[in-house]
Amino acid sequence: MKYNHLDIEKKWQKYWETEKTFKTQEFEKLDKSKPKYYALDMFPYPSGEGLHVGHPEGYTATDIISRFKIMKGFNVLHPMGWDAFGLPTEQFALKTGIHPKIRTAECIAKFKHQLKSIGFAYDWDREVNTSEPEFFRWTQWIFLKLYNSYFDDADQKAKPIGELPIPEDLTENQRIEFINSQRLAYLADGPVNWCPELGTVLANEEVAEQLEKGFSVVRKNMKQWKLRITKYADRLLEGLESLDWPENIKEIQRNWIGRKTGANIIFRIKSPGQNTNHSIEVFTTRPDTIFGATYLVLSPEHEMVDLITTADRKKGVDDYKLKAAKKSDLERTELAKEKTGVFTGAYAINPANGKEIPVMISDYVLISYGTGAIMSVPAHDGRDNDFARIFNLEIFPVVIPVHLKDHAIKEIKSDEHGELIISGKGVSGLTGRDDSYLKYIENIQRGSEYFEGEGYCINSDFLNGLKTDEAIERVITWLEANKIGSRAINYKLRDWLFSRQRYWGEPFPILHENDTQFALSEGELPLELPAVESYHPTGTGESPLAAIDWWVNVTTEDGRHFKRETNTMPQLAGSSWYFLRYLDPDNNKEFCNPDIEKYWMPVDVYIGGSEHAVGHLLYSRFWMKVLFDLGYVSHDEPFRKLFNQGMILGEDGVKMSKSRGNVINPDEVINEFGADSMRLFEMFMGPLEATKPWSTEGIAGMNRFLNRTWRLIIDESSGEIKSNIVDRAPEEKELKIINKTIKKITTDIEDGDMKFNTSIAQLMIFLNEVYKYDTISKGIIEKFILVLAPFTPHICEELWQRIGHQESISKQPWPHFEEKYVKEDSVVIALSVNGKLRDKIEVEFNTSENELEQKALDNEKIIKNIMGKEVKRIIVVKNRMVNIVV
RNA sequence: GCCGAAGUGGUGAAAUUGGUAUACACGCAUGACUCAAAAUCAUGUGAGGGCAACCUCGUGUGGGUUCGAGUCCCACCUUCGGCACCA
């Protein structure tokens with residue numbers, strides 16, 4: 001009976017399925033005295049291509065942990081489902097005429113079959129599918145909660161819209177408008193990313209992906225649904241602190257949120273020939289440089305542009321605006337080789353020094369950030385510097401680096417440059433006598449240098465001599481006292497663009513009556529998609545749903561006419577909460593029972609790719625916080641520990657792709673070597689987070705290891721247990737190697753570093769060791785099979801059964817290790833002279849320092865090396881080494 | 001340009017966190033079994049020198065700290081991620 005992975009794997013997969021081995025008990029039946037463990041995989045989008053070898057990498061890691069935790073006596077939740085709404089399926093439908101629903105079902109069947117063939121311990125009874133009405137009913141329900149809530153700034157939390165304090169003396173229309181302006185889900189008119197090829201708008205984080213695929217994205221003004229995630233910016237930022245997430249993902253989220261503190265400053269406008277009552281507000285993170293602001297720049301879209309532009313400049317400004325509007329975002333940002341802009345003819349008054357400074361417009365200033373206008377400080381900002389040099393605008397230095405402080409003082413004494421540092425804390429006496437300060441000033445004024453760092457203020461009147469952080473505080477106080485500005489915070493984060501002009505997504509539970517919106521009641525959910533013949537975009541920028549008259553038009557009994565919202569929700573809607581549905585998948589009264597949520601959440605380990613850093617992972621955190629505020633869940637962070645698996649490259653060391661022909665198909669790998677070999681190899685390749693190339697020779701090695709394991713235990717001619725596996729008490733050497741192995745694997749899984757490569761190495765060391773023995777204790781072999789089982793469950797079930805057990809190995813308790821067997825009783829001591837290794841000796845564990853020193857000095861090779869030299873010092877480290885310094 | 005991570009044999013990678021560098025595996029070489037091959041088993045395998053015991057060098061490069069550095073500090077080089085007119 002040779003090791004036949006095909007038969008064994010099929011047999012046990014069938015067993016697990018029919019016995020429901022990995023079913024997690026319903027909440028009522030759950031033994032709550034046991035600790036819980038929720039191991040979650042990022043659920044896949046079921047594409048037509050099926051799994052690639054990258055998918056099972058993270059899945060195998062969570063599977064090992066889950067199986068380990070089950071054996072450790074935890075209640076384990078380890079579910080799987082489908083992120084089933086999405087563009088590729090709809091694109092496929094357009095091409096082939098196959099309904100997305102049918103296509104999705106096919107793809108899911110394929111994925112599910114593949115996942116089962118790898119032997120994952122999922123509880124398939126909890127499978128979810130975001131495109132099924134019973135699931136998206138609750139996605140729509142959460143949308144209604146967002147729509148019917150507002151964010152209370154004072155309490156920093158969401159509350160039901162009914163609690164919104166409404167200003168008195170509003171007309172009915174104003175009242176509705178006010179309420180709408182506070183909803184967490186709202187309709188907004190504005191520029192969005194429009195993809196003509198797909199016929200839909202895209203969220204900011206989706207743009208790069210589609211551009212990579214060769215599609216174009218242009219800016220277009222459209223009325224779209226948005227979610228007010230920006231209200232949660234601070235909480236999303238602070239929440240990161242408590243999470244056990246990779247530092248780089250936290251950093252990406254911090255950057256994406258992009259919280260910046262500074263000040264808004266008001267500049268009065270003086271526009272020749274125009275009414276001069278205008279003023280413009282700018283945002284800056286460096287209000288301390290206000291004396292260096294030598295011009296203002298407005299975004300071309302800024303509402304003040306037309307009001308301040310002088311007659312003689314009107315044509316130039318209009319031309320520029322038109323050009324800027326036509327440019328795509330790509331042209332405006334990525335190809336920003338040379339800055340462009342025009343003068344409006346207007347001047348602003350720098351409130352700090354009263355100077356008149358020109359007002360320019362340029363598309364390097366974004367309308368969507370801050371106030372859409374900036375004060376330019378070309379001496380201390382690279383972008384402003386570029387622009388100033390092109391347009392020959394004044395550059396005026398107002399900050400010096402710390403190292404020039406003392407030189408600046410020298411210049412005051414020589415009285416050449418006038419208004420420099422004369423006060424400030426900690427100013428010390430003169431030091432150098434060189435002209436590095438003068439050179440700095442000259443370089444700045446020439447434009448050949450700019451300085452963005454922090455330092456000390458110069459040329460800045462009441463700020464002179466202050467350090468940057470002190471100056472910022474001082475100037476904000478001054479601005480606020482004079483009512484020309486205030487402290488301000490800005491975020492890069494934008495509200496989440498939440499609608500798509502596509503068919504294959506969740507319909508919005510919203511009716512329109514002219515310009516007024518009405519939400520469906522919860523009882524009317526789910527609002528299902530109409531079955532249609534054609535999914536072709538309408539070409540008008542509307543969703544295909546807009547063409548389905550019978551679905552769109554709704555007339556109520558009292559004769560009112562409504563139109564349904566025809567946009568659908570984005571793919572990231574369903575994935576923002578799916579991990580909650582696994583907890584209570586059949587509940588038709590709530591999206592999840594609160595007691596069940598309280599027990600299972602948060603997710604204890606969440607494994608997936610780092611490409612979801614700012615999309616899925618940010619939106620899930622956002623929705624969780626909203627549900628928390630409204631009292632539907634008891635945790636406000638969903639994922640306690642996050643881990644990103646690395647990419648698996650092709651055998652040639654580059655990214656797998658069809659065009660390169662280096663794609664490895666897991667079905668073929670499983671067929672040839674077995675699921676156990678594949679699981680083992682994917683974990684043996686290296687640490688989980690590392691990017692590493694596939695190797696067919698490598699997986700053959702894993703198969704060899706499993707064959708060796710099989711032959712150690714099973715007599716290949718009879719299929720019985722080999723006669724040298726003996727039912728006897730274990731020997732000392734057996735106890736040592738097995739305890740060491742159990743300890744290594746236990747700690748490797750529990751420490752959360754996901755370095756299973758070293759666990760597998762230890763299993764191999766064990767096997768190599770016991771292969772030397774004439775007979776092996778059966779008890780020792782059983783423990784070995786138990787600790788191997790989470791990695792290669794099929795072969796272990798088979799061996800476990802053949803060794804004489806009835807019950808599945810998956811439910812056996814995890815073996816304990818005893819520290820006394822793990823400790824070595826003799827250690828090898830390194831003997832060195834001047835740090836160079838000269839000999840090694842074996843001594844008893846815990847041999848005293850004195851004895852070690854004596855042994856070293858008696859050692860032949862050491863004597864040879866220190867002969868004729870003076871021994872200066874001897875360093876002895878117990879159980880490690882002796883170093884003799886001569 | 002800015003931020004982050006990493007550079008160790010022919011290859012994937014280990015290294016108890018400052019104490020024997022290269023565990024484990026792949027590959028390769030030699031041998032055993034075989035008519036032969038595959039499979040399997042055994043032995044060897046960082047580089048250089050020497051018949052040998054042994055010696056010298058060696059963790060991207062150059063410095064430093066230390067009795068002792070893959071590990072700590074400084075500078076540089078390279079690679080991979082992320083951000084990139086966000087004022």
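Quick note: numbers below take in every heavy atom, side chains included, and nothing from hydrogens, waters or symmetry partners. In the text below, chain A, chain B and the rest are named by the order of the sequence lines, each starting its count at 1.
Rounded to whole Å, the distance from CE on A:Met647 to P on B:U79 is 17 Å. A straight line from CG of A:Leu688 to P of B:A13 spans 13 Å, rounded to a whole angstrom. As rounded to whole Å, 15 Å separates atom P of B:C26 from atom CD of A:Glu651. Rounding to whole angstrom units, NZ of residue A:Lys692 and P of B:U11 are separated by 19 Å. For A:Glu870 and B:C67, the CD to P distance is 16 Å, given to the nearest whole Å. Counting to the nearest Å, the C1' atom of B:C85 and the CG atom of A:Asn385 are 14 Å from each other. Atom CD1 in A:Ile648 sits about 12 Å away from atom P in B:A13, given to the nearest Å. Here the P atom of nucleotide B:C54 and the CD1 atom of A:Ile862 are 13 Å apart, to the nearest Å.
With 3.5 Å as the limit, one finds no donor-acceptor pair spanning the side chains of A:Arg494 and A:Thr230. A:Arg708 and A:Asn768 share a side-chain donor-acceptor pair at under 3.5 Å. When only modelled atom types and interatomic distance are considered, A:Ser610 and A:Asn644 share no side-chain donor-acceptor pair under 3.5 Å. With 3.5 Å as the limit, one finds no donor-acceptor pair spanning the side chains of A:Glu697 and A:Ser695. Residues A:Asp381 and A:Asn385 have side chains that never bring a donor and an acceptor to within less than 3.5 angstrom of each other. For A:Asn846 and A:Asn879, the side-chain atoms include at least one donor-acceptor pair closer than 3.5 Å. With no hydrogens or angles considered, a side-chain donor-acceptor pair links A:Thr741 and A:Gln762 at under 3.5 Å.
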Exercise. Any chance you could list the contact pattern along nucleotides 15-25 of chain B? Use B for base contacts, S for sugar-phosphate-only contacts and - for none, protein heavy atoms under 4.0 Å, 5' to 3'.
Key: -B--BB--BBS

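Taking the charged nitrogens against the carboxylate oxygens, A:Glu247 and A:Arg254 do have a contact shorter than 4.0 Å, which makes a salt bridge.
Distance check on atom C1': B:U59 versus B:U20 gives 15 Å, rounded to whole Å. Remark: the separation of the C1' atoms in B:U40 and B:C33 is 9 Å, to the nearest Å. Taking atom P on both nucleotides, B:A23 is separated from B:G18 by 23 Å, rounded to a whole Å. With C1' as the reference atom, B:G81 and B:G10 are 28 Å apart, rounded to whole Å. On the P atoms, B:U79 is 35 Å away from B:G68, given to the nearest whole Å. Taking atom P on both B:G64 and B:A53, the two are 35 Å apart, rounded to the nearest angstrom. Comparing the P positions of B:C77 and B:A69 gives an interatomic distance of 26 Å, to the nearest angstrom. Taking the P atom of each, B:U43 and B:G50 are spaced 29 Å apart, rounded to whole Å.
Nearest-nucleotide positions on RNA chain B place A:Ala690 closer to the 5' end than the other of A:Ala690 and A:Lys2. When the nearest nucleotides of RNA chain B are assigned to A:Asn834 and A:Gly372 by heavy-atom distance, the more 5′-ward of the two goes with A:Asn834.
Pairing for B:G44 goes to B:C28, judged as Watson-Crick or G-U wobble with the two contacts each under 3.5 Å. With a 3.5 Å ceiling on both atom-pair distances, B:G70 lacks any Watson-Crick or G-U wobble partner. Pair check for B:U59 finds none; no Watson-Crick or G-U wobble contact set falls under 3.5 Å. Nucleotide B:A39 forms no Watson-Crick or G-U wobble pair with any nucleotide shown, as no partner meets the under 3.5 Å limit on both distances. Under the Watson-Crick or G-U wobble criterion, with both distances below 3.5 Å, B:A23 is left unpaired in every strand shown. In a base pair of the Watson-Crick type (N1 to N3 plus N6-O4 or O6-N4) or a G-U wobble (N1-O2 and O6-N3), with each distance short of 3.5 Å, B:G18 is matched with no nucleotide. Pairing for B:G81 goes to B:C3, judged as Watson-Crick or G-U wobble with the two contacts each under 3.5 Å.
Residue A:Thr285 is in sugar-phosphate contact alone, with no base atom involved, counting any heavy-atom pair closer than 4.0 Å across all strands shown. Contacts of A:Lys250 with the nucleic acid, taken as non-hydrogen atoms under 4.0 Å apart, are absent. Residue contacts for A:Lys836: at a heavy-atom cut-off of 4.0 Å it reaches the sugar-phosphate backbone alone, with no base atom in range. Residue A:Arg254 is out of contact with every strand shown, counting any heavy-atom pair closer than 4.0 Å.
With sequence neighbours excluded, the residues that form a ring pair (Phe, Tyr, Trp, His ring centres under 6.0 Å) with A:Tyr3 are A:Trp710. By the side-chain hydrogen bond (donor to acceptor under 3.5 Å, both in side chains) test, A:Thr284 is found to be paired with no residue, residues two or more places apart in sequence or in another chain being considered. Applying the salt bridge (Lys or Arg N to Asp or Glu O under 4.0 Å) criterion to A:Arg880, with sequence neighbours excluded, gives no partner residue.
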Hey, what are the protein-to-nucleotides 3-5 of chain B N/O distances that come in under 3.5 Å?
none

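In this structure, A:Arg679 fails the cation-pi test against A:Phe791, since its NZ or CZ atom is not both closer than 6.0 Å to the six-membered ring centre and inside 45 degrees of the ring normal.
Listed in residue order, the members of residues 845-855 of chain A having a heavy atom less than 4.0 Å from RNA chain B come to none.
One can find a donor-acceptor pair under 3.5 Å joining the base of B:C85 and the side-chain atoms of A:Lys339.
Ring-plane geometry between A:Phe391 and A:Phe387 is classed as tilted, the angle between the planes lying from 30 to 60 degrees on a 0 to 90 degree scale.
Contact between the side-chain N/O atoms of A:Arg838 and the OP1/OP2 oxygens of B:C55 is found at a separation under 4.0 Å.
For an aromatic pair to be called close, the ring centres must be under 6.0 Å apart, and A:Phe643 with A:Trp245 fails this. The ring of A:Phe784 has its center closer than 6.0 angstrom to the ring center of A:Phe766.
In B:U17 the base sits syn relative to the sugar, since the glycosidic angle is no further than 90° from 0. Because its glycosidic torsion is within 90° of 0, B:G9 is reported here as syn.
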